[in-house]
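See structure below.
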Amino acid sequence: MYRTHNCGELRLKDAGKQVVLSGWIQRSRDLGGMTFIDLRDRYGITQLVFNMDQDASLCEEARKLGREDVVRIDGAVRERSNKNKNLPTGDIEIEVRAIEVLNRSELPPFTIEEDTDGGEEIRMKYRYLDLRREPLKKNLILRHRLAQKVRHYLDIADFLEIETPALIKSSPEGARDFVVPSRIHKHQFYALPQSPQIFKQLLMISGFDKYFQLVKCFRDEDLRADRQPEFTQIDCEMSFVEREDVLNLFEGLIVYLLDAILQIKYNGVFPRMTYREALERYGTDKPDIRFGLEITDLTAEAGGKGFRVFDTAEYIGGICVPECAGYSRKQLDQLTEFVKRPQIAAGGMVYVKFQEDGSVKSSVDKFFSVDELKGWGERAGAKKGDLLLILSGEKSRTLFALSELRLEMANRLGLRKKGKYAPLWVVDFPLLEWNEDENRYQAMHHPFTSPLPEDVSLLENHPEQVRANAYDLVINGVEIGGGSIRIHDSALQDRMLKLLGFSDEETVSQFGFLLEALRYGAPPHGGIAFGLDRLAALFGNTESIRDYIAFPKNNAGRDMMADAPNFISQKQLDELNLRFRE
RNA sequence: GGUCACGUAGUUCAGUUGGUUAGAAUGCCGGCCUGUCACGCCGGAGGUCGCGAGUUCGAGUCUCGUCGUGACCGCCA
């Protein structure tokens, strides 16, 4: 037998018991006459004690143990004379009678202690050792608990977990597909799913009514801290629902998870905000509403008054930062540099300081009267001591820059508080967006998203004005999930695909089976998908989803431990009828 | 496709204006130590300064290139 108990469970009440423990050597403290060893497993750490007086040869043996050796020990639990209050097992120790070394360890390249040492490169290469450490272990446990609670909530709500295929047909819309060559069918390829979208709609047509799945999705696009080529979605679909039905149910899921995992009670309903409102108030479709600093449109007030930069701008907007009128020239220059960075690309920044003494100081006071400046302040809700930061230019770019500036100021002022969760639903996204490269409209969400019923008549003549019956869940500025009510009418779906530029033949070859299915009594349906990795990172209060994935890829999509992707043998290539160009 | 940062001992980092033998902490090895728990004390080993070229009397330091890692922009329905 390897163990009667784990290394985290023995307490004072167990004193006197004969136990067997197995685990890794965390650290040993050799005092000469006696030696203490911390034995670690997934559950915790238990101290072993060896004494020269009692068993010299056993003590000698213990002194030879090195970090990360795997051992099995026999011994008796006893109360410590010196207790350690920092350890759950700190009241007891094991007086060891026998050691069996199960496996020696080479010296690990970094210590298995805290998260302080080991750069990204080496930690990724030895991911299995990094996973022994507390921070990553804690993250994976958090992810597990999230997944369990999700399953519980949806099960109670009558959802059925149904698997969908991973080898599917490539679809032209959306992200780049990962493809898999078929051996049996020469020159043909499967694709890995970007999401089970069509399959879950087919399940609705099959009458399953409420479906969910914790499912891997694959997108061959460039990576970020919060993007991996393979990631996990909580994928859901429901029949006979309208938008509010979906929002209410999944709002309930988030409220339940906040309570069950973090013991945070969320009162009330999540705010609903249109896409347009989100852009105008926050400059982005995924606003962080843990704090204010909202954007004020100053185009009417500040334009056309003889200041050339503003007069030629399509849009002028500002954010009022409380109690920052005392900002120095240096601090303001830093902010100007920030917004002029190529990634943000604002032309410059105008400030107005509303001083405590009631006076106004601005970088543009040559061009505007004090009353005009005060008028802006009034509109932006500035009080004495506040600082108004103004950007101008082409509208969408300027709003983007303002949203970045808003986040930067919030970071500087410590307004993005960890442990606070501010969810909202963003709704009424545009159905379509213009694709410059391909000179055509494309679906903003996906081609199966239903337009709002009142906008359907605009489809052919004013496609850019059509709003989608779609919604995103945003928490703390992170897009956690999104979905839509789907098109369940084959004629409307046909119109939609035509609008996207598909010919009849393309429509039939790409989506024929879905269009056909829609003709056999498709119920009204809609759904949503959440990013489990992002949800875990959000609950764990960190940015990088890699820390919540056991074996992630680096930012070039490479598995640094296994060294994938990699070449395959000529034999494999031959079987697949593949040959390299060049 | 592009921008930025970093790359020095097993690990995390310091290294001045370009100047003699490249340091610290930690880890590792050896010795001492009977209540430690980041044990303590003493001693020791450990370096292709990512790689290549250039400037220079002289390069860890400056320049260019290259590779690696991270972050971001484009991209991601």
Side-chain angles (χ1 to χ4, degrees), chain A residues 26-39 45-54 56 59 63-64 66-68 78-87 89-91 93 95 106-126 129-130 171-177 193-195 197-198 217-229 231 341-345 397 400 404 429-433 435-437 441-449 468 470 472 479 482-484 496 500 529 531 543-544 546 554-558 560:
Chain A
Q26 175 78 14
R27 170 187 278 135
S28 60
R29 292 173 293 278
D30 179 1
L31 274 61
M34 62 195 312
T35 290
F36 299 96
I37 288 180
D38 292 338
L39 190 69
I45 283 175
T46 296
Q47 175 167 285
L48 313 178
V49 62
F50 302 84
N51 195 307
M52 276 296 181
D53 289 345
Q54 276 160 24
C59 198
R63 292 168 84 161
K64 291 198 192 88
R67 277 174 192 275
E68 302 307 311
R78 76 173 184 210
E79 185 174 2
R80 291 201 202 182
S81 57
N82 276 356
K83 296 189 173 55
N84 183 346
K85 288 190 176 60
N86 301 320
L87 221 54
T89 61
D91 286 348
E93 63 196 357
E95 191 177 10
E106 287 186 23
L107 265 175
F110 46 80
T111 57
I112 315 295
E113 295 271 318
E114 293 102 38
D115 52 350
T116 47
D117 76 339
E120 209 65 32
E121 204 171 343
I122 197 148
R123 289 174 47 200
M124 283 295 211
K125 185 172 175 195
Y126 296 94
L129 295 181
D130 205 10
S171 120
E173 285 284 296
R176 228 171 265 125
D177 280 327
Q194 296 172 29
S195 84
Q197 183 58 38
I198 291 178
C217 300
F218 305 86
R219 295 176 190 176
D220 188 7
E221 297 292 347
D222 286 355
L223 278 54
R224 291 287 187 282
D226 64 349
R227 273 175 14 203
Q228 284 274 300
F231 60 98
R341 280 162 47 217
Q343 288 93 332
I344 298 180
R397 294 192 69 90
F400 168 73
E404 292 295 313
F429 283 81
L431 183 70
L432 302 164
E433 59 190 348
N435 184 320
E436 290 286 343
D437 297 336
Y441 282 103
Q442 67 180 34
M444 192 160 173
H445 187 53
H446 57 56
F448 319 112
T449 300
D472 273 3
E479 185 195 326
S484 62
M496 182 71 189
L500 295 172
E543 309 276 313
S544 178
R546 277 173 223 173
N554 76 1
N555 67 352
R558 182 159 280 280
M560 297 175 70

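For the numbers below, each heavy atom of this structure counts, side chains included, while hydrogens, waters and symmetry mates do not. Every chain is numbered from 1, with letters handed out A, B, ... down the list of sequences. Quick caveat: nothing in here was measured; it's all calculated off a predicted structure.
Residue contacts shown for A:E93 include a base, since a base heavy atom lies under 4.0 Å away. As judged by a 4.0 angstrom heavy-atom cut-off over every strand, A:I122 is placed among residues touching the sugar-phosphate backbone only. Residue contacts for A:R397: at a heavy-atom cut-off of 4.0 Å it reaches no nucleic acid atom on any strand shown. Using a 4.0 Å heavy-atom cutoff across all strands shown, A:K83 reaches at least one base atom of the nucleic acid. Within the 4.0 angstrom heavy-atom criterion, no nucleotide atom of any strand lies near A:S171.
In this structure, the CZ atom of A:F50 is 17 Å from the C1' atom of B:rC39, given to the nearest Å. The CD-P distance, from A:E95 to B:rU34, rounds to 18 Å in whole Å. Atom pair A:D130:CG and B:rU11:C1' shows a separation of 13 Å (rounding to whole Å applied). Computed from coordinates, the A:Q47 CD to B:rC37 C1' distance equals 6 Å when rounded to whole Å. B:rC37 atom P lies 14 Å from atom CD of A:E113, rounded to whole Å. Rounded to a whole Å, the CG atom of A:N86 is 14 Å from the P atom of B:rU36. The NZ-C1' distance, from A:K64 to B:rG30, rounds to 15 Å in whole Å. Taking atom CD1 on A:I112 and atom P on B:rG10, their separation rounds to 18 Å, with Å as the unit.
Remark: the separation of the C1' atoms in B:rG7 and B:rU61 is 14 Å, to the nearest Å. A distance of about 23 Å separates the C1' atoms of B:rG58 and B:rG50, rounded to the whole Å. Distance check on atom P: B:rC37 versus B:rG23 gives 32 Å, rounded to whole Å. With both ends at atom C1', the span from B:rU16 to B:rA38 equals 33 Å, rounded to whole Å. B:rG46 and B:rC6 are spaced 31 Å apart, taking the P atom of each and rounding to whole Å. Separation of the C1' atoms belonging to B:rG60 and B:rG19 is 13 Å when rounded to the nearest angstrom. Taking atom P on both B:rG47 and B:rA22, the two are 12 Å apart, rounded to the nearest angstrom. Comparing B:rG27 with B:rU12, their P atoms are spaced 15 Å from each other, to the whole Å.
Annotation: A:R397, atom CZ; neighbour count of heavy atoms from other residues, nucleotides and ligands within 6.0 Å does not exceed 12. The environment of A:Q54 atom CD is dense: over 12 non-hydrogen atoms of other residues, nucleotides or ligands sit within 6.0 angstrom.
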Q | Footprint string (nucleotides 67-74 of chain B, 5' to 3'): B base within contact, S backbone only, - free, heavy atoms under 4.0 Å | A | -SSBBBBB
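Neither side chain, A:E404 nor A:Q343, offers a donor N or O lying under 3.5 Å from an acceptor on the other. For the residue pair A:Q197/A:H446, the side-chain donor-acceptor check at 3.5 Å is satisfied.
Within the 4.5 Å cutoff, the side chain of A:F110 has heavy atoms near those of the A:L129 side chain.
The listed nucleotides are B:rC39, B:rG35, B:rU34; the one nearest the side chain of A:M52 is B:rU34. Picking from B:rC28, B:rG35, B:rC75 the nucleotide with the shortest atom distance to the side chain of A:L107 gives B:rC28.
With rounding to the nearest 0.5 angstrom, the CE atom of A:M560 is 5.0 Å from the CD atom of A:E121.
No side-chain donor-acceptor contact under 3.5 Å links A:E68 to the backbone of A:T111. A distance-only check finds a donor-acceptor pair linking the side chain of A:T89 to the backbone of A:I45 [under 3.5 Å]. With hydrogens and angles disregarded, no donor-acceptor distance shorter than 3.5 Å links the side chain of A:D38 to the backbone of A:T46.
Both distances falling under 3.5 Å, in either a Watson-Crick or a G-U wobble arrangement, occur for no nucleotide opposite B:rG74. As the counterpart of B:rU12, B:rA24 is assigned, both hydrogen-bonding distances of the Watson-Crick or G-U wobble pattern falling under 3.5 Å. Here B:rG68 sits opposite B:rC6 as a Watson-Crick or G-U wobble pair (both hydrogen-bonding atom distances under 3.5 Å). Searching all strands for a Watson-Crick or G-U wobble partner of B:rU63 with both distances below 3.5 Å returns B:rA53. Figure legend. B:rG40 is base-paired to B:rC32; pairs are counted as Watson-Crick or G-U wobble with both atom distances under 3.5 Å.
In this structure, A:F110 does not pack face-to-face on the six-membered ring of B:rU11, missing the 5.5 Å centre cutoff or the 30° plane limit.
Here A:R29 reaches the OP1 or OP2 of B:rC39: one of its side-chain N or O atoms lies under 4.0 Å away.
Mapping A:A175 and A:D30 onto RNA chain B by nearest heavy atom places A:D30 closer to the 5' end of the strand.
The shortest heavy-atom contact between A:Q194 and A:C217 is O-CB, 3.2 Å.
Residue-to-nucleotide contacts include no donor-acceptor pair under 3.5 Å from the side chain of A:R67 to the base of B:rG10.
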